Amino acid sequence: QVQLVESGGGLVQTGGSLRLSCVASGLTFSSYPMGWFRQAPGKEREFVAAITWDGSNTYYTDSVKGRFTISRDNAKNTVYLQMDSLKPEDTAVYYCAARRINGVSIVARSYDYWGQGTQVTVSS
């Protein structure tokens, strides 16, 4: 069965960095566009970043452009989210997701598989 397992979350001060990883199994990872989403308490899940199956194109929500970088290593079945210059408003549970249909999307319901999430907390 398909599994996505995130890691790398934690507590960091404002301005700090974290790198999230998501290891996939049970699917042909190199064929799947991947996305990162986040959900803060009391808020809806929101799009953060996405990457095409081959890593040739990336997309970001405006609030993280220039601070976050999504990348992937298809040989390791892993997608990453490098987060720099973190702000308290980045505090959320971060989820990775895989999409069966070719092409990236910013819409959460268009993704087919989800990880369990990893908590990121940025202190002020």
Side-chain angles (χ1 to χ4, degrees):
Q1 86 248 30
V2 176
Q3 278 193 313
L4 303 177
V5 180
E6 301 99 334
S7 62
L11 174 63
V12 65
Q13 291 186 333
T14 296
S17 298
L18 285 172
R19 188 174 86 150
L20 306 184
S21 300
C22 171
V23 179
S25 60
L27 75 170
T28 306
F29 179 75
S30 58
S31 299
Y32 283 72
M34 298 294 295
W36 284 97
F37 290 77
R38 65 187 180 188
Q39 188 165 18
K43 295 188 176 182
E44 292 188 355
R45 192 167 299 190
E46 65 169 351
F47 170 77
V48 176
I51 188 166
T52 51
W53 64 273
D54 61 352
S56 60
N57 288 291
T58 57
Y59 304 86
Y60 301 92
T61 194
D62 286 346
S63 63
V64 308
K65 284 180 182 176
R67 300 189 298 122
F68 290 12
T69 304
I70 187 172
S71 62
R72 67 189 297 160
D73 184 339
N74 286 344
K76 295 183 178 180
N77 284 7
T78 303
V79 62
Y80 304 97
L81 186 68
Q82 177 68 40
M83 305 187 296
D84 299 317
S85 301
L86 282 161
K87 304 175 181 180
E89 51 263 45
D90 295 318
T91 295
V93 178
Y94 283 71
Y95 300 89
C96 71
R99 190 166 187 260
R100 284 199 300 259
I101 298 175
N102 196 21
V104 297
S105 172
I106 67 171
V107 179
R109 65 178 180 271
S110 72
Y111 285 77
D112 302 285
Y113 306 109
W114 292 83
Q116 82 290 348
T118 185
Q119 176 70 48
V120 171
T121 303
V122 184
S123 64
S124 56

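What you see is a predicted model; the values in this text were computed from it and never measured.
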Are any of the side-chain heavy atoms of [X] and [Y] separated by less than 4.5 Å?
X: Trp53; Y: Asn102; answer: yes
X: Pro88; Y: Thr14; answer: yes
X: Trp114; Y: Val2; answer: no

Partner of Thr118 by side-chain contact (heavy atoms from CB on, under 4.5 Å), out of Leu18, Leu20, Val5, Val93:
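It is Leu20; the other options fail the test.
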Hydrophobic cluster membership, [X] vs [Y], 4.5 Å side-chain cutoff:
X: Val12; Y: Val64; answer: yes
X: Tyr113; Y: Trp36; answer: yes
X: Tyr80; Y: Tyr95; answer: no

May I ask you to decide if [Y]'s main-chain N or O and [X]'s side chain share a donor-acceptor pair within less than 3.5 Å?
X: Thr91; Y: Val122; answer: yes
X: Thr52; Y: Asn57; answer: yes
X: Arg72; Y: Gly55; answer: no

What distance do [X] atom [atom1] and [Y] atom [atom2] have between them, rounded to the nearest 0.5 Å?
X: Phe47; Y: Arg38; atom1: CZ; atom2: CZ; value: 11.0 Å
X: Cys22; Y: Gln3; atom1: SG; atom2: CD; value: 11.0 Å
X: Gln119; Y: Leu11; atom1: CD; atom2: CG; value: 9.5 Å
X: Thr58; Y: Ile70; atom1: OG1; atom2: CD1; value: 7.5 Å
X: Tyr32; Y: Ile101; atom1: OH; atom2: CD1; value: 11.0 Å
X: Cys96; Y: Gln116; atom1: SG; atom2: CD; value: 7.5 Å

Indicate the atoms forming the closest heavy-atom contact of [X] with [Y], along with that distance.
X: Tyr94; Y: Val48; value: CE2-CG2, 4.3 Å
X: Leu4; Y: Ala24; value: CD2-CB, 3.4 Å
X: Val79; Y: Phe29; value: N-CZ, 3.9 Å
X: Ser17; Y: Gln82; value: CB-NE2, 4.0 Å
X: Ala92; Y: Ala40; value: CB-N, 3.8 Å

Return the orientation label for the Tyr111 and Phe37 ring planes: parallel under 30°, perpendicular over 60°, tilted otherwise.
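Correct class here is perpendicular.
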Under the criterion side chain to side chain contact (heavy atoms under 4.5 Å, CB included), I'd like the reasoning laid out for Val120 against Met83: C-alpha separation, chi angles, the key distance, then a yes or no.
CA-CA 10 Å; Val120 171; Met83 305 187 296; 3.8 Å; yes
Stepwise, does the side chain to side chain contact (heavy atoms under 4.5 Å, CB included) test hold for Arg99 with Ser110?
CA-CA 7 Å; Arg99 190 166 187 260; Ser110 72; 3.2 Å; yes
Go through Lys87 and Asp90 one step at a time and tell me if the salt bridge (Lys or Arg N to Asp or Glu O under 4.0 Å) criterion holds.
CA-CA 5 Å; Lys87 304 175 181 180; Asp90 295 318; over 6 Å; no
Test log, rule side chain to side chain contact (heavy atoms under 4.5 Å, CB included), inputs Arg67 and Tyr60:
CA-CA 10 Å; Arg67 300 189 298 122; Tyr60 301 92; over 6 Å; no
Is the count of non-hydrogen atoms from other residues, nucleotides or ligands lying under 6.0 Å from Leu27 atom CG greater than 12?
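Yes - once you tally the heavy atoms of other residues, nucleotides and ligands closer than 6.0 Å, there are more than 12.
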